[in-house]
Number of protein chains: 2
Amino acid sequence: MDSFTIGKLAAATETKAETIRYYERIGLLALPERTEGNYRAYLPSHLARLRFIRRSRALGFSLDRVRALLRFSDDRACSCDEIDRIANQHLKEVEDKIADLKRLQSELQDMIGQCHRGTIADCRIIVTLGTSR
Amino acid sequence: MDSFTIGKLAAATETKAETIRYYERIGLLALPERTEGNYRAYLPSHLARLRFIRRSRALGFSLDRVRALLRFSDDRACSCDEIDRIANQHLKEVEDKIADLKRLQSELQDMIGQCHRGTIADCRIIVTLGTSR
DNA sequence: CATGACCCTCTAGTAACTACATCCTCTACG
DNA sequence: CGTAGAGGATGTAGTTACTAGAGGGTCATG
């Protein structure tokens, strides 16, 4: 057998065993065969699949998106437009998030810059937070 | 009475009534008096508190942090060092997150840039996602 | 044969809400 | 005055992507 336990798969992909079982439960990772002792017996195909999932997650794709990517990636003759679309949409969301956070950053910097380390009574941070908009 | 219903408070702060009840449940917003008909009767002090909470949330502070900010902000004689510390820590986290997302952004751009709109079989995005690291 | 490392299942917890379902209260109109 | 509809009350469950723990079974090693 070239099959391996969940612990080996976990180590090979830097994923916790519980997470792997979770992926299986939600139908993201195929059910592996079981040994006589009821241990999951994974094959190289599972490893490849899990790598794909983890790499996608590391790039910030949601599990739903990963599911879509996997669905398309299995259809090897089909054009990769859809894959490209999903990736670009994700990229756009990442860029929007960056813009959001930058706005936040400058608001925080402004707020903090006004604090002169006095007492709470005249702390500009508190005042700013209490002000609407 | 200058008290108002949850609906008015919700409208004044652009918060859903359910969210306000949630804040009450977790002890972030003081329990208001009740009318004869068991409706919550809010006072201006509740409005000020909720504004503070919402503004802090809009700036990305976690509810736990908001709780801490509120605790310090009530102690008006105390120095605002702690407030400053919390705000700076949050700012740092925001900046770290921005850096993370920028790394993600460029990885996604690289990946997408390699796609030449062929079939899945030779789609670079799929290949990249399947590669560890 | 016993110990410890590993595996199994199932349940519940995390953050910060949001959405129901079901019931109650209040206001306004005819 | 009766009723319709808006709005409020409570309680439970769902969301995302795991993670932790309880209570047990299996396997390899000395």
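Computed from heavy atoms alone, side chains included, the values below leave out hydrogens, waters and symmetry copies. Within every chain, numbering begins at 1; the chains are lettered A, B, ... in the order of the sequence lines, protein sequences first and strands thereafter.
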Practice task
Output yes when a side-chain donor or acceptor of Arg57(A) lies under 3.5 Å from a complementary backbone atom of Phe61(A), and no otherwise.
Solution key: yes
Practice task
For residues Ile126(B) and Phe52(A), determine if any side-chain heavy atom of one lies less than 4.5 Å from a side-chain heavy atom of the other.
Solution key: yes
Exercise for the section: Go through residues 60-69 of chain A and report each residue with a non-hydrogen atom lying under 4.0 Å from DNA chain D, sorted by number. Expected result: Ser62(A), Leu63(A)
Problem - Side-chain donor or acceptor of His90(A) paired with backbone N/O of Leu59(A) under 3.5 Å - result: yes
Exercise for the section: Report yes if at least one side-chain N or O of Lys16(B) is closer than 4.0 Å to OP1 or OP2 of dA19(C); otherwise report no. Expected result: yes
Problem - First encountered from the 5' end of DNA chain D, between Glu18(B) and Thr5(B) - result: Thr5(B)
Handout entry: Polar side chain donor-acceptor pair, Arg54(A) to Thr15(A), under 3.5 angstrom
Key = yes
Exercise for the section: Under the side-chain hydrogen bond (donor to acceptor under 3.5 Å, both in side chains) rule, collect the residues that match up with Asn38(B), sequence neighbours excluded. Expected result: Arg34(B)
Fill in the blank from the handout: Atom CD1 of Ile20(B) and atom P of dA19(C) are separated, to the nearest Å, by 15 Å
Handout entry: More than 12 heavy atoms from other groups under 6.0 Å of CD on Gln89(B)
Key = yes
Problem - Outermost nucleotides of DNA chain D that come under 4.0 Å of a non-hydrogen atom of chain B - result: dG7(D) to dT10(D)
Practice task
Name all residues meeting the side-chain contact (heavy atoms from CB on, under 4.5 Å) criterion together with Gln109(A); count only those two or more places apart in sequence or in a different chain, and write none if there are none.
Solution key: Gln105(A), Ser106(A), Leu91(B), Glu95(B)
Problem - DNA chain D contacts made by residues 21-42 of chain A, counting heavy atoms under 4.0 Å - result: Tyr22(A), Tyr23(A), Gly37(A), Tyr39(A)
Exercise for the section: For the residue pair Thr5(A) and Arg40(A), establish whether any side-chain heavy-atom pair is separated by less than 4.5 Å. Expected result: no
Practice task
For Glu18(B), check side-chain hydrogen bond (donor to acceptor under 3.5 Å, both in side chains) against everything at least two apart and list the hits.
Solution key: none
Practice task
Output yes when a side-chain donor or acceptor of Asp84(B) lies under 3.5 Å from a complementary backbone atom of Cys80(B), and no otherwise.
Solution key: no
